[in-house]
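This report refers to the structure that appears directly beneath it.
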2 protein chains.
Amino acid sequence: MEIHTYEKEFFDLLKRISHYSEAVALMHWDSRTGAPKNGSEDRAESIGQLSTDIFNIQTSDRMKELIDVLYERFDDLSEDTKKAVELAKKEYEENKKIPEAEYKEYVILCSKAETAWEEAKGKSDFSLFSPYLEQLIEFNKRFITYWGYQEHPYDALLDLFEPGVTVKVLDQLFAELKEAIIPLVKQVTASGNKPDTSFLTKAFPKEKQKELSLYFLQELGYDFDGGRLDETVHPFATTLNRGDVRVTTRYDEKDFRTAIFGTIHECGHAIYEQNIDEALSGTNLSDGASMGIHESQSLFYENFIGRNKHFWTPYYQKIQEASPEQFKDISLDDFVRAINESKPSFIRVEADELTYPLHIIIRYEIEKAIFSNEVSVEDLPSLWNQKYQDYLGITPQTDAEGILQDVHWAGGDFGYFPSYALGYMYAAQLKQKMLEDLPEFDALLERGEFHPIKQWLTEKVHIHGKRKKPLDIIKDATGEELNVRYLIDYLSNKYSNLYLS
Amino acid sequence: MEIHTYEKEFFDLLKRISHYSEAVALMHWDSRTGAPKNGSEDRAESIGQLSTDIFNIQTSDRMKELIDVLYERFDDLSEDTKKAVELAKKEYEENKKIPEAEYKEYVILCSKAETAWEEAKGKSDFSLFSPYLEQLIEFNKRFITYWGYQEHPYDALLDLFEPGVTVKVLDQLFAELKEAIIPLVKQVTASGNKPDTSFLTKAFPKEKQKELSLYFLQELGYDFDGGRLDETVHPFATTLNRGDVRVTTRYDEKDFRTAIFGTIHECGHAIYEQNIDEALSGTNLSDGASMGIHESQSLFYENFIGRNKHFWTPYYQKIQEASPEQFKDISLDDFVRAINESKPSFIRVEADELTYPLHIIIRYEIEKAIFSNEVSVEDLPSLWNQKYQDYLGITPQTDAEGILQDVHWAGGDFGYFPSYALGYMYAAQLKQKMLEDLPEFDALLERGEFHPIKQWLTEKVHIHGKRKKPLDIIKDATGEELNVRYLIDYLSNKYSNLYLS
């Protein structure tokens, strides 16, 4: 048979996966934006059925045969087909190397572990969760032996979320980052020049927050012909297909920041997915390059745009009009200082952009220790608390505000956290490079002209989808390897100006 | 192997179909309640993929083998399993008897015909649609020869929508109905005692209509833990799973009736599906018994409850409060007369409950003539117009308000229309029987106590799902065969009182 026949069949399988994925994504979205509670059990089964179908196609004998045939004629394939085949092979092997029975056992364990974690967190009692965590770690250690690794066992887990990023890379980046940030956090904490933030948490009508969320999405270049905004409890962006990328947000009437910055954050994720090359639609390359690159786009919009003073020059008035009592006596400068408050805190998801990377580094160091067999599960809470004291100068008083705060481990997601910090580094390096091409960046914000910024990000990042690995995207976009200095410089300048001048 | 092993596998296949059906239903619902337009092409493909998967399971060799094995041990099966196997066999044969290539050609033709119909209707030019209609009829004539029939070729089509109902049955019912209704319509038309309806079409705020729609759903016993209300263009109710039955409605600010009576109508459909026996969940029996039985429930709620004067005794005040300017000078009696206005009109979907059955009888007689080879496609418009003149006393002036008004034929749905009229007859007969068990029916409405009514319908109709055929449901519920007298008596009494007293 002609190679094209196999190629067509291969892409037909990917297309079929994309159709099932659309159904699964819609069911998840619907479950989190208003599906009635009585339908949730059947819904979970329907999601389970279609997820199994996807897994079965990815690991089917036919998929393997097609991959093998296409590898035999690899040089004859187009560049995109090569990438798609490589990725399909990686997915096949990742999934196939774990014995089926073991994987099923693991999925059930994760489900039980999440329930146990919820209870443990509610009661702030690590001992209720630790037996599950112990088993989850054992499973992952076995998975690592199945998958294999070059230098460090933890590399096998990192590769699931950030292909190409290793312990060696992270050790160096995080060492540099710590060296710069820890003293800066101490200085900021000790500074007497603190912003007034009392006005932030006053009543701000939900309807107005919704109007503003819609308004900012529109202004920033989110395409409503290819998406919509809905309300949820834990906000997310989700892609159903290339023409349907949805954003969700949460309205807290006592803190408008939840909705406004949350929406702008998800807007960054969504604009990424709305601008992936259409030629990749229906293939496994029509997706973000990695967790970290995805986060770089949401953080770019949230922090480099949304927390930038120049952004608020034209828009602060909108906030004042939406909640006049709250903001009538607050100047633009005071507003910007308040929304950029930095102070050490226990909960990662509530952390500001200066202290956030330290939360991630703590998790990274702990995960690395776990998979190097350097720490036992029972010692994790004390290790956690010690690191919070060392890096942030605060000690969690309960398991709930310490070791139990994140759901990730209960879901078996080890190796995921570093992507958040990489997102910051990617974003800072992209921003620095963008300034060379768009030196009038701040002026663009002042004029509410976001199109050139989006255009730049699309050309350098969005359009490529999963064609490139994350570190290659950064290198190709900026002309150099990933360099943590850009993040350090950005944070040092910003927080010195805010707190130390 | 044990029979139970086959039984389990059979039900596993049905369950799998139910999961795919949930995904398809959600995608349809989403497409009609706010999905962004750019995603529609991929969405259609995803729906197509999952619909094909369902079809492939229903017509799979394995399904056939399981049906055959279970038929061999039919007497050992439970009653529900027998029904499920019978239905699966019917579906298998219906689908399998049409050659695959021919069916695919037909699906493509339907899609083209719908487009042509839209254009033809827009231009009010039957000649743009007639070539497609000609082909659609030819296909259906061939399908009839594949499926076979006992007495009349049209029976094969009726059986798709209303199993057990034949030309012989309908000829007799419709003859009786015509004999009673046509003179009554003439008397009503000639009556000088007409209601004032001018106040109906004044501005009624959309938000208030929404509040009232939610309120009436709640009052009537729709369970919001197992459903939700959304806005759409062409309202419908849809079942995702047993715990998730959704209602949609449309708000016309110039005519509150669209939303209020539309919502109550869909409420009837939804309450039906919310109360099918849970034991049937995930099987092919967890569905309405037929199109007509479904319509009987929606019509029961819309007409026997919603257009009943006693219903409005406690609730008319709500309408007055929602739009005070509109209703402040209108008495309850005048309101009830206005919402029960009857007058011959061209468009079926806008017809009142007295003239509605005549619209259906016209379509029935025309379809029967088509499949008896008694009329050519080119003669359809004149046949249509002649019947409107004979039965309703009016003659359509354009194809758009005549032969082209309904989408059904363009979608290949021949044999569907009679179910609407059967729904009226079923509802009237059920209502009459209900009065024996609940003689205080009107008083219940006056007290807003709908639970006993819902309970009665659930026991007699809802709970059975597809366990029983439509005519058996009516016979078991009322103790007699379907009898059109109940509808005739209901309409005669109601409209004599309104117009001829």
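In this text the structure is predicted, and so the values were computed from the model without any measurement. Chain A is the first sequence line, chain B the second, and so forth, proteins listed ahead of strands; every chain is numbered from 1.
Heavy atoms from other residues, nucleotides or ligands lying under 6.0 Å from CD of Glu41(A) number 12 at most. Within 6.0 Å of atom NZ in Lys210(A), 12 or fewer heavy atoms from other residues, nucleotides or ligands are found, so the atom counts as exposed in its surroundings. No more than 12 heavy atoms of other residues, nucleotides or ligands lie within 6.0 Å of CD in Glu100(A), so this atom counts as exposed by the packing criterion. Sparse packing is recorded around OH of Tyr103(A), with 12 or fewer heavy atoms of other residues, nucleotides or ligands lying under 6.0 Å away.
At a 4.5 Å heavy-atom cutoff, the contact between Glu22(B) and chain A is made by side-chain atoms alone. For Arg246(A), the part lying near chain B is the side chain, with the backbone staying farther off; criterion is any non-hydrogen pair under 4.5 Å. For Tyr20(B), the part lying under 4.5 angstrom from a heavy atom of chain A is the side chain only. Residue Leu26(B) touches chain A through both its backbone and its side chain, counting heavy-atom pairs closer than 4.5 Å. Proximity to chain B (any heavy atom under 4.5 Å) is shown, for Glu45(A), by both the backbone and the side chain.
Of the candidates Arg16(B), His19(B), Lys15(B), His19(B) is the only one forming a side chain to side chain donor-acceptor pair (under 3.5 Å) with Ser46(A). The one candidate from Asp225(B), Leu240(B), Asp244(B) that meets the side-chain contact (heavy atoms from CB on, under 4.5 Å) condition with Pro36(A) is Asp244(B).
The residue among Gly34(A), Ser21(A), Ala35(A) with the most heavy atom pairs within less than 4.5 Å of chain B is Gly34(A).
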Mind running side chain to side chain contact (heavy atoms under 4.5 Å, CB included) on Asp53(A) and Asp53(B) for me, showing each step along the way?
CA-CA 11 Å; Asp53(A) 289 344; Asp53(B) 289 344; 5.7 Å; no

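Here the closest non-hydrogen pair linking Met27(A) and Ala23(B) is CE-CB, 4.1 Å.
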